Protein chains: 2
Amino acid sequence: MNITIRDVAMRANVSPATVSRVLNQSKPVSKAVREKVMRVVEELNFNPNSVARSLAMKESKLIGVVIPNIDSVFLSKFVNIIEEEFFKHNYTTLLCNTRRADDVEKDYLRLLKDKYVDGVVLMTSHPKPHQIEFFEQEDIPVVFAGHTDKSKQFSSVNIDNYQAMYDATLYLLENGHRRIAFFGGPLIYRQAMERLSGYKQALADYGVKYEESLVFANDYDIEHGYENGMGLFQRADRPTAICCVSDMVAIGAIKAAEANGLRVPEDISIMGFDDTRLARAYRPGITTIRQPIHELSVQAAEMLLKQIKQKEVYVKETRILSHEIIVRGSCMAVNG
Amino acid sequence: MNITIRDVAMRANVSPATVSRVLNQSKPVSKAVREKVMRVVEELNFNPNSVARSLAMKESKLIGVVIPNIDSVFLSKFVNIIEEEFFKHNYTTLLCNTRRADDVEKDYLRLLKDKYVDGVVLMTSHPKPHQIEFFEQEDIPVVFAGHTDKSKQFSSVNIDNYQAMYDATLYLLENGHRRIAFFGGPLIYRQAMERLSGYKQALADYGVKYEESLVFANDYDIEHGYENGMGLFQRADRPTAICCVSDMVAIGAIKAAEANGLRVPEDISIMGFDDTRLARAYRPGITTIRQPIHELSVQAAEMLLKQIKQKEVYVKETRILSHEIIVRGSCMAVNG
DNA sequence: TACCCTCAGGAAATCGATTTCCTGTACATG
DNA sequence: CATGTACAGGAAATCGATTTCCTGAGGGTA
């Protein structure tokens, strides 16, 4: 049916081994033979079967990109960039969208191994024990993105979530805010924990009392931002500012503020996180902490490719990228 | 190193063939032997190597999803859903993000063929000749999404873009608007053409003169919506409404309107397209044409899986899904 | 008892590449 | 001239599954 290396060999009057050598330049072949083989390859329009090749070589030119949810402005951008990097280097991206389901994560990791994936990028703020265990046991190059691996066991690239939220809170404090709410993520995520710590520490350093009733911990989406806001804004002791864990949460909070007759930023300042495209598009523009998403993706790709190439000698790296406050219109100084 | 079917066979005192039979239920095996094999499989935590399996079975359990840009609210949602469908059926998604580059498209198609992908979903409103040619020559199941293949040569699933934009325009006309601008896409895209036709026809059916100066044709993003708006809103004869080709363009247009001191919808009505998450999140909520994105993805997956299963007898299908106007706050009746 | 049939399960071929091991030729050197 | 060496290129093993073909045991029937 399909043309195989054997067809080429017969037609060129050589052995399959020789054809393989010509195509992969894995051993010198005389010019005459090489040219004859190449001619036949052209003639038959032969493409080596990459499945057979993977089986023999134990490499697939495939990279698994494991993310919790591709339907996210932040993560789809991450994938967009990283896929391009891999493509440039002749690797193809296997999309493993786990939807945060434990069993899907497990299935995908097993599958990646079975498919002889050459490497994996694991985008998660909170690697599960089974994921750690998997990469300890299997000898598959991996880079964690969005998580800092303090054990130095694996390579990772991330921002400093603690410091980022510290800076966000500090920004509001310096603008005269004293009642600052925190719309955070579920505390089972390390990232959420770290950000909460940053928020707390900034308050403490400024001598502002931490108040539990101003802190929320639920999912990163618009709906929760809205819900949190609706509960909060009707209280007499409502805050003058909010630190949100994502731009989406900030948008939800802004909607809730408006629904309660509050103007943003005049009556309440709302700060986002990530600096997704939305933060710029929204009105008011959302003041936010920019994650260097482009750098994050490129460096994750770079580290992984390096690791694949130098599998034996590669030394694990931990890279922390710097964040940045992007000032737009959703925050203002108190009495300013 | 790795556990193979041979290891399992030895440990269970049977032949590899038997192990294969137990695992695939491809031939009856006595209860005793079956149980023994299963026990050893559990013990060794054996997973059949899918590359070897692919080679023997001539199937890869891989599906290529070709899209112009994963960094899009609409397309990332599409991929999110379709990936889940494929995962459910044990297929893995190979992400082919072409960034609209011709050579990337070509490279990816060739690569998909080399990897013996079981099927391809091609999401594009405007298949290129080389893509058509490719699928004519290769015997790879394919489904076009977002494009209607009138030749019935391939399966496709889409909405009726002409009718959708007709309805959008009609909605504005029925609300008393007579000067309606059109922020469309580049006319090299069939989709953009069809939508423009719908717009024109609605105007014609309502006896409203088509005015070239109200029509723009450029990319689907916020920036272009903004640019178009900035050019238009300063004119004395500015429209009272705009039909936009995407929610992003609508958002850009709204920003431009505000920048020119126009209120939406009081001073100008702006209509989106797609009904992405953004349309709901924005203020005002964007009145928009909903593409049934979920159905689109699910049906594309379903058609492809059916085609893979029944490769010999499969009859190509063309499915047109219905759109819907979602009324939110960005449009209102003239003098209403 | 003899014969046939059923069927569980093993041996070996197969999928399509790569790679190791080996052979035979050509050339250089003592 | 004999021997050692370099090296092109073939035969066969290998990667890890599936599947075909075959064998031998057990049961049913005449």
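All of these numbers come straight from a predicted model, not from anything done at the bench. Numbered from 1 within each chain, the chains take letters A, B, ... in sequence-line order. The analysis underlying the following values was restricted to heavy atoms, covering all of them including side chains, and did not include hydrogens, waters or symmetry mates.
Residues A:R319 and A:E295 are not paired through a salt bridge, judged by the lack of any N-O separation under 4.0 Å between the basic side chain and the carboxylate. Ion pair A:R39/A:E42 not flagged as a salt bridge, since none of the NZ, NE, NH1 or NH2 atoms sits closer than 4.0 Å to an Asp/Glu carboxylate oxygen.
Computed from coordinates, the B:N2 CG to D:dA17 C1' distance equals 13 Å when rounded to whole Å. The distance from atom CG of B:L55 to atom C1' of D:dC15 is 9 Å, rounded to the nearest whole Å. The interatomic distance linking B:E59 (CD) with C:dG16 (C1') rounds to 16 Å, in whole Å. In this entry the distance linking CG of A:D114 with C1' of D:dT18 reads 16 Å, nearest Å. In this structure, A:M10 places its CE atom 14 Å from P of C:dA17, rounding to the nearest Å. Computed from coordinates, the B:R53 CZ to D:dT18 P distance equals 5 Å when rounded to whole Å. Atom NZ in A:K113 sits about 10 Å away from atom P in D:dA17, given to the nearest Å. Between the CD atom of B:Q25 and the P atom of C:dA8 there is a distance of 14 Å, given to the nearest Å.
For B:N49, counting side-chain heavy atoms from C-beta on, the closest listed nucleotide (D:dT18, D:dG16, C:dG9) is D:dG16. If you check D:dG16, C:dG9, C:dG10 against the side chain of B:S30, the one that comes closest is C:dG9. Picking from D:dG16, D:dT18, C:dG16 the nucleotide with the shortest atom distance to the side chain of A:K58 gives D:dG16.
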Distances under 3.5 Å between protein N/O atoms and the N/O atoms of nucleotides 19-27 of chain D, please, pair by pair.
| residue | atom | partner | partner atom | Å |
| --- | --- | --- | --- | --- |
| D:dT20 | O4 | B:R21 | NH2 | 2.6 |

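Within 4.0 Å of B:N13, counting heavy atoms only, lie sugar-phosphate atoms of the nucleic acid but no base atom. At the heavy-atom level, A:V51 lies nowhere under 4.0 Å from the strands shown. Looking at heavy-atom distances under 4.0 Å, B:Y116 makes no contact with the nucleic acid at all.
In terms of modelled atom types and a separation under 3.5 Å, the side chain of B:K27 and the main chain of B:S20 share no donor-acceptor contact. Put simply, the side chain of B:S125 never gets that close to the backbone of B:Y189: no donor and acceptor are under 3.5 Å apart.
Atom NZ of A:K61 is surrounded by more than 12 heavy atoms from other residues, nucleotides or ligands within 6.0 Å. A:K128 NZ: more than 12 foreign heavy atoms inside a 6.0 Å radius. By the 6.0 Å contact criterion, CD on B:Q25 is open, its count of non-hydrogen atoms from other residues, nucleotides or ligands being 12 or less.
Nearest-nucleotide positions on DNA chain C for B:A52 and B:V29 put B:V29 closer to the 5' end.
Within the 4.0 Å cut-off from OP1 or OP2 of D:dG10, at least one side-chain nitrogen or oxygen of A:S15 is found.
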